[in-house]
2 protein chains.
Amino acid sequence: MESTRAKIITAAVRCFRNNPSDTLEKVAEEAGVSRRTLHRYFENRDDLIESCKNEMLVSCNKAMIIAYESDPGPIKKIRNMLFAAIEQGANYAFVKRIYERSNFSDLDRKKEFESDDVKSKWFNLIKDLQKAERINTELTIPWIFNLFGSVIETAIYAVESGDVAKNDSRNFAWISFKGAIGLNE
Amino acid sequence: MESTRAKIITAAVRCFRNNPSDTLEKVAEEAGVSRRTLHRYFENRDDLIESCKNEMLVSCNKAMIIAYESDPGPIKKIRNMLFAAIEQGANYAFVKRIYERSNFSDLDRKKEFESDDVKSKWFNLIKDLQKAERINTELTIPWIFNLFGSVIETAIYAVESGDVAKNDSRNFAWISFKGAIGLNE
DNA sequence: GAAATATGTCTCAAATATGTGACATACTAC
DNA sequence: GTAGTATGTCACATATTTGAGACATATTTC
């Protein structure tokens with residue numbers, strides 16, 4: 001059974017993702033605990049958000065590292081990382097939004113995130129494919145990185161909104177991402 | 001010279017886009033007016049947000065209709081609509097986020113937006129291209145629609161974050177979108 | 001089943017955000 | 001320059017959100 005702490009974090013991620021100003025009352029309700037209990041685990045709002053960031057970052061990184069290592073081929077690696085991120089759903093979306101919104105006080109953390117193992121692995125894969133002219137050489141790597149995140153977010157959102165069936169979504173995402181960077185598998 | 005009302009709306013769009021719970025104090029400051037003045041133009045927070053929605057919707061729709069009509073060719077129409085949306089920048093991003101976040105009370109408006117002229121024009125363009133097998137037939141139209149919005153948002157964000165130069169951004173967006181839907185120009 | 005731990009309920013104080021009135025000042029039109 | 005309009009400043013009432021204490025109740029552990 002999920003710990004109370006974990007339940008609260010899951011609830012907070014769901015809430016804050018839509019609306020970063022949801023009240024702690026609502027988060028507690030969503031988690032099925034009282035607000036008083038929430039305060040026993042998290043001193044204040046910032047503490048809660050900080051905890052969400054950390055946990056989600058760990059969760060996403062772990063999933064993507066596993067995906068990275070699941071196949072020796074660079075293209076399969078990238079595909080599986082895409083799938084893993086989509087599978088993370090709300091977790092991934094939360095991290096992405098948080099860093100989009102990040103202000104100066106978050107810059108250190110952002111740098112930390114950016115210099116992260118997973119990201120550099122991903123960068124190297126793309127760099128090599130571009131060097132080998134397997135993908136479009138007009139596009140810059142930062143653009144491709146942003147695009148990768150967007151396609152993932154689109155896939156997550158498309159399912160949540162009911163626009164696209166869950167099974168279709170990850171396939172569409174891969175087809176679209178491949179095409180977008182000019183990759184012929 | 002921009003009217004005070006317009007200044008406030010512009011500021012509100014910028015603020016609420018990052019953080020929908022920014023205080024009215026901050027919006028006023030961003031607009032360079034006092035909070036008291038803000039309240040003279042907008043009864044309350046809801047009134048302000050409602051006004052932002054309306055104005056941004058009008059602004060985006062107008063820009064995209066002009067783009068639509070700027071060229072007889074369907075592909076150029078789509079490309080120019082993409083460019084127009086990117087050009088709208090914060091305006092477009094605000095509208096997109098608002099509707100992603102929309103709850104039940106917004107559903108009517110959302111439907112209104114969805115049945116909108118611009119969207120149906122866009123849908124028909126894509127539908128025709130797909131029927132003519134000019135673009136990938138595996139992908140569904142709702143997916144392509146979501147993707148279109150994401151690519152636009154990516155282009156806007158990539159410039160704002162400094163990752164990609166402004167001139168590159170819209171070209172990258174078009175290259176990527178074309179590729180993503182399998183369009184050969 | 002007793003002790004320890006976790007959670008809920010009720011309560012309250014402090015902080016923050018909001019809406020508005022009263023009046024001063026700046027700007028515009030004529 | 002004067003009337004009229006727009007805006008700023010200050011003050012204040014109200015509502016909301018937050019954080020925590022005191023104590024009851026439930027759950028776990030031994």
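Chain naming here is simple, since letters A, B, ... match the order of the sequence lines and numbering starts at 1 in each. The basis for the numbers below is simple: all heavy atoms, side chains too, and nothing from hydrogens, waters or symmetry mates.
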List in chain and number order the residues that pass ring-ring contact (aromatic ring centres under 6.0 Å, His included) with B:F177, two or more places apart in sequence or in another chain; answer none if no residue qualifies. B:F148

Any side-chain N or O of B:S34 below 4.0 angstrom from OP1/OP2 of D:dG8? yes

Identify each donor-acceptor pair in which a side-chain atom of residues 65-73 of chain B lies under 3.5 Å from a protein atom, sequence neighbours left out, and give them as a table.
residue, atom, partner, partner atom, Å
B:S70, OG, B:A67, O, 2.6
B:S70, OG, B:N80, ND2, 2.9
B:D71, OD1, B:G73, N, 2.9

I'd like the 5' and 3' limits of the part of DNA chain C contacted by chain B, with heavy-atom contacts below 4.0 Å. C:dA17 to C:dA22

Should A:F16 and A:F94 be marked as a ring pair (Phe, Tyr, Trp, His ring centres under 6.0 Å) after you check the CA-CA gap, both sets of side-chain angles, and the distance that decides it? CA-CA 8 Å; A:F16 292 153; A:F94 176 84; 7.3 Å; no

To the nearest 10 degrees, what angle separates the axes at the start and end of the helix from C:dG1-D:dC30 to C:dC30-D:dG1, five pairs each? 40°

Determine which pairs satisfy salt bridge (charged side-chain N to carboxylate O under 4.0 Å, His left out) with at least one residue from residues 149-162 of chain A, sequence neighbours left out, and list them in order. A:R17-A:E160, A:K96-A:E153, A:R97-A:E153

Could you work out, with side chain to side chain contact (heavy atoms under 4.5 Å, CB included) as the rule, every residue matching A:P74, not counting sequence neighbours? A:L125

Output one letter per nucleotide in nucleotides 16-30 of chain D: B when a protein non-hydrogen atom lies under 4.0 Å from the base, S when only the sugar-phosphate is that close, - when neither is. -SBBBBBB-------

Taken in chain and number order and not counting sequence neighbours, the residues that satisfy side chain to side chain contact (heavy atoms under 4.5 Å, CB included) with A:A165 are A:D168

Residues forming a salt bridge (Lys or Arg N to Asp or Glu O under 4.0 Å) with A:R35, sequence neighbours excluded: A:E25

Applying side chain to side chain contact (heavy atoms under 4.5 Å, CB included) to B:S51 and not counting sequence neighbours gives B:R5, B:I9, B:F42, B:D47

Partners meeting salt bridge (Lys or Arg N to Asp or Glu O under 4.0 Å) with B:E29 (sequence neighbours left out): none

Could you list the residues that satisfy ring-ring contact (aromatic ring centres under 6.0 Å, His included) with A:F172, not counting sequence neighbours? B:W143

